[in-house]
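Both ligands and their constituent atoms are indexed starting at 1 by order of listing.
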Amino acid sequence: MKLNFITSNEGKFREAREIASSYGIEVAWLKMKYDEFQGDTLEEIAVKSAKALSKAIGEPFFIEDSGLFVEALNGFPGVYSSYVLKTIGNPGILKLMDGVENRKAYFEAVIAFYDGSEIHTFVGRVEGEIAEEMRGEKGFGYDPIFLYGDRTFAEMGEAKNAVSHRRRALENFLRWLSENFLS
Ligand code: IMP
C-alpha cells in the first residue's frame, strides 16, 4: 500500500517514511505548500486544510500539523507555533517563562487522513518541560527549549524520533490503517 503525504517539510516526510515501512506501508512525498487555515485547535486547522486539499487532489492523502503548548501560558503558542517561532522565537518564549515555576509543556501533532471520501484525524502528544535556557544543536524549531527528562529534544538527536508527538500520531494512524484497510 502506498500513502501520499502532503508536506513541504522533508524532515517530516523522512520520519513518516521510516515509521511506515515497519508497517509494510510506503509513503510517497507530495511536496507542496498549502494554505493553512486558522482555528482554535490543531485538529480544526488540519481538517479544514485537508478538506480544501481534497478538492484539488481527489485521491487519498494525509497531512500533519503540530505545535507547542505551554501550561503556564494557557497553551500558548499552540496553534500559533509557527508564527511565534518566526517572530519572538525561542528567546521570546524563555523570556515569557522567566521566573515561572510551572514549566510543563507538550508538543501535539494531528494527522488528517483523506480516504477518498472522508477525513479521519489522529493525535499524538509528548509531555515535557520548558528548559531554563536553549540547549543542543541537533533539532529544529522549539527543540532546544523542550526538555524531555534531563535532555532537550535538540540534545537527543535521533532518539527524539522514538518518542515524539509526530511518531505517536503516525503510529495511531498506521495502526488504525492496518486494522481497517489492510486486514
Ligand atoms: P507545523 O506543523 O509545521 O506547522 O509546525 C508548527 C510549528 O511548531 C513550527 O514552527 C515548528 O517548527 C514547530 N514544531 C513542530 N514540531 C516540532 C518539533 O518536533 N520540534 C520542535 N518544533 C516543532
Side-chain angles (χ1 to χ4, degrees), residues 4-19 27 29-53 61-71 73 75-94 96-97 103-114 119 121-131 133-149 151-173:
N4 294 312
F5 183 14
I6 303 179
T7 178
S8 57
N9 183 324
E10 184 172 0
K12 284 188 181 182
F13 161 68
R14 285 178 183 279
E15 196 175 331
R17 182 178 59 183
E18 182 213 310
I19 297 167
V27 174
W29 186 13
L30 285 188
K31 185 180 175 187
M32 60 184 264
K33 272 211 158 96
Y34 53 86
D35 290 334
E36 251 185 33
F37 288 82
Q38 277 304 332
D40 290 338
T41 63
L42 289 178
E43 186 158 6
E44 190 185 330
I45 295 169
V47 168
K48 281 187 191 165
S49 304
K51 267 194 187 141
L53 279 167
F61 67 83
F62 70 97
I63 56 175
E64 184 258 338
D65 206 10
S66 43
L68 174 72
F69 296 76
V70 182
E71 190 171 285
L73 305 177
F76 182 86
V79 295
Y80 305 108
S81 292
S82 204
Y83 182 70
V84 169
L85 192 72
K86 278 186 274 186
T87 51
I88 62 171
N90 285 323
I93 299 285
L94 290 179
L96 289 172
M97 292 297 286
R103 307 197 68 87
K104 281 190 202 155
Y106 64 85
F107 275 118
E108 184 174 290
V110 175
I111 286 173
F113 170 56
Y114 173 65
I119 291 163
T121 56
F122 304 87
V123 180
R125 267 191 194 188
V126 59
E127 312 267 348
E129 285 179 12
I130 300 300
E133 73 278 303
M134 291 173 68
R135 270 178 17 212
E137 305 291 330
K138 294 183 191 125
F140 69 97
Y142 296 105
D143 282 346
I145 62 163
F146 188 80
L147 269 179
Y148 183 76
R151 287 187 298 172
T152 65
F153 265 5
E155 290 175 313
M156 287 173 70
E158 288 285 300
K160 168 198 165 185
N161 296 344
V163 298
S164 76
H165 47 310
R166 197 162 295 110
R167 150 80 65 159
R168 290 172 180 173
L170 274 165
E171 290 202 329
N172 286 336
F173 171 40

Counting non-hydrogen protein atoms only, what is the nearest one to atom 16 (N) of ligand 1? Give residue, atom name and distance.
Arg166 NH2, 2.7 Å
Sorted by chain and number, sequence neighbours left out, ring-ring contact (aromatic ring centres under 6.0 Å, His included) with Phe69 holds for Tyr106
min-distance protein heavy atom vs atom 20 (N) of ligand 1 -> Asp143 OD1, 2.6 Å
Tell me: protein heavy atom nearest atom 9 (C) of ligand 1, and distance?
Ser82 CA, 4.0 Å
Under 3.5 Å between some N or O of ligand 1 and some N or O of Lys12?
yes
Taking the six-membered ring for Trp and the single ring otherwise, decide whether the centroids of Phe5 and Phe13 are under 6.0 Å apart.
no
Looking at Glu10 and Arg17, is there a salt bridge between them, counting it only when a charged N and a carboxylate O are closer than 4.0 Å?
no
Could you go through the side-chain contact (heavy atoms from CB on, under 4.5 Å) check for Arg167 and Leu170 one step at a time?
CA-CA 5 Å; Arg167 150 80 65 159; Leu170 274 165; 5.8 Å; no
Which residues pass the ring-ring contact (aromatic ring centres under 6.0 Å, His included) test with Tyr142, sequence neighbours left out?
none
Among Phe140, Phe153, Phe146, whose heavy atom sits nearest atom 23 (C) of ligand 1?
Phe140
Looking only at heavy atoms, the pair that brings Arg168 and Gly124 closest together is CB-CA, 3.9 Å
Please list the nearest protein heavy atom to atom 13 (C) of ligand 1 with its residue and the distance rounded to 0.1 Å.
Tyr142 CD1, 3.9 Å
Using heavy-atom distances only, which candidate in Ser164, Ala46, Gly11, Ser66 approaches atom 2 (O) of ligand 1 most closely?
Ser66
Ligand 1 versus Leu85: contacting region, heavy-atom distance under 4.0 Å:
side chain
